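Small disclaimer: the values here were computed from a predicted structure and weren't measured.
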Amino acid sequence: MALLEAGSGALLAGYCHYLPFQPGSDGGLLPDPSLDDAGLGRSVLLAFAAGLSACDRVLVHSDTAASWVWAAVTGAGVDLTGRMRVVPPPCDCCRIVRDPASSGATALVGDRPGAAPIGVCHHRLYARYGTARFVDLARELTVSGTVRVRVMDLFGQRRAGRTGPDDSPERMRKALAALPHVQVVSDRGDRVRYRQLLAGSRFGIAPFRPACPWSMSVVDCQGMGLPVIAPRMGWFAEHIDPALCFTTAAEAVALAVRSRAMTPSMPNTPAARTRPPPVSPRRPSPPRCSPSRRRPTGLAVRHRYRVL
């Protein structure tokens, strides 16, 4: 309204950072549990669509997110033809990146000769993010002692006002800490320590969050030269190499055990890593709820892993 009153011709852009819905098992879209208190999810979705209808440009994280947003707002009567752009968030290319000089090394910093490889999980532990499935996976990964799991605690001690509505992060953290060969750690907000914790791991583990349109922690792992194993769902199926995606716990365990044989490479030059990701000029796929299977574009960090 202020732009109209001022007679400005500036374009109005909106960035869909947190999507108020998630894909359902039937292929439809369901309200995100965190935004559906007292059944308000439908109202939040309508407000989301109304906001996008006023935008000249709608920016989303990935092709998968474009497909979901397109389906959601089309159902509300909003047409985004020609207005949607895929603009992945930038990575931290200054601090959270592996030294290209070590790209040919067979072991990463923190690996002890003969030690079980460490898989790092750096995600919020909300139950709605599929963390119960991750707890089960961590148990399967570590039961034999051939793999260790490092869980980053992003919350620490939260006040009662935060734990009251949802104490699942505390419950999940306690369940993980009780497992053998699982360590729960914190970077204490220190980016140097965060980098060291990633560098001391051998592979990353993506979350079981169906509605994840993009994961900064996944990209951070890749920036540090770590292969990331991921459930075959949502954006992970778009971004992660199919050879590193799993459907069952047995497949995930096999990938984790093979992690020492995954040799990372750093094909992108330092200059390429500092360039911002380009805006994708492509129109997103037609309205549908299933994730896009096209390879992503404009990603700031891309790696290839050779599985021996």
Please report the closest heavy-atom contact between [X] and [Y], naming both atoms and the distance.
X      : Y      : value
Pro207 : Pro231 : O-CG, 3.3 Å
Cys16  : Val58  : SG-CG1, 3.7 Å
Ser62  : Pro213 : OG-O, 2.8 Å
Ser215 : Trp235 : N-CZ3, 3.3 Å
Leu226 : Ser201 : CD2-O, 3.3 Å
Ala256 : Leu141 : CB-CD2, 3.6 Å

From [X] atom [atom1] to [Y] atom [atom2], the distance as rounded to the nearest 0.5 Å:
X      : Y      : atom1 : atom2 : answer
Asp220 : Leu197 : CG    : CG    : 12.0 Å
His239 : His61  : NE2   : NE2   : 13.0 Å
Ser186 : Phe155 : OG    : CZ    : 12.0 Å
Arg258 : Leu244 : CZ    : CG    : 8.5 Å
Asp32  : Tyr18  : CG    : OH    : 4.0 Å
Asp92  : Arg191 : CG    : CZ    : 4.5 Å

Partner set under side chain to side chain contact (heavy atoms under 4.5 Å, CB included) for [X], not counting sequence neighbours:
X      : value
Asp37  : none
Ala230 : Ala206, Phe236, Ile240
Glu170 : Arg158, Thr163, Asp167, Arg173
Leu46  : Arg42, Ala76

Do [X] and [Y] belong together in a cluster built from hydrophobic side chains that touch within less than 4.5 Å?
X      : Y      : value
Val182 : Ile229 : yes
Trp68  : Val44  : no
Leu80  : Phe21  : yes
Met233 : Tyr129 : no
Leu30  : Val73  : no

Test your reading of the model: is there a side-chain donor-acceptor pair from [X] to the backbone of [Y], 3.5 Å cut-off?
X      : Y      : value
Tyr194 : Ile96  : no
Thr131 : Phe134 : no
Arg85  : Arg57  : no
Thr142 : His181 : no

| request: Please collect all salt bridge (charged side-chain N to carboxylate O under 4.0 Å, His left out) contacts where either partner lies in residues 128-140, sequence neighbours excluded, each pair once. | output: Arg128-Asp166, Asp136-Arg139
| task | Go through the steps for Phe48 and Leu52 under the test side-chain contact (heavy atoms from CB on, under 4.5 Å), then give the verdict. | result | CA-CA 6 Å; Phe48 175 77; Leu52 296 189; 3.7 Å; yes
| Among side-chain atoms of Ser34 and Tyr126, is any donor-acceptor pair under 3.5 angstrom? | no
What I'd like to find out is whether the side chain of [X] reaches to under 4.5 Å of the side chain of [Y], using heavy atoms alone.
X      : Y      : answer
Gln22  : Pro33  : yes
Val185 : Met152 : yes
Val147 : Val253 : no

| request: For the pair Met216 and Cys91, evaluate side-chain contact (heavy atoms from CB on, under 4.5 Å) and give the outcome as yes or no after the intermediate values. | output: CA-CA 7 Å; Met216 196 74 259; Cys91 65; 4.1 Å; yes
| request: Just do the side-chain contact (heavy atoms from CB on, under 4.5 Å) check on Val120 and Cys221 with the steps written out, would you? | output: CA-CA 9 Å; Val120 62; Cys221 284; 3.9 Å; yes
| request: Identify, with sequence neighbours excluded, every residue that meets ring-ring contact (aromatic ring centres under 6.0 Å, His included) alongside His123. | output: none
| task | Using the side-chain contact (heavy atoms from CB on, under 4.5 Å) rule, take Val78 and Arg83 through it: C-alpha gap first, then chi angles, then the decisive distance, then the call. | result | CA-CA 11 Å; Val78 176; Arg83 291 189 277 166; 4.3 Å; yes
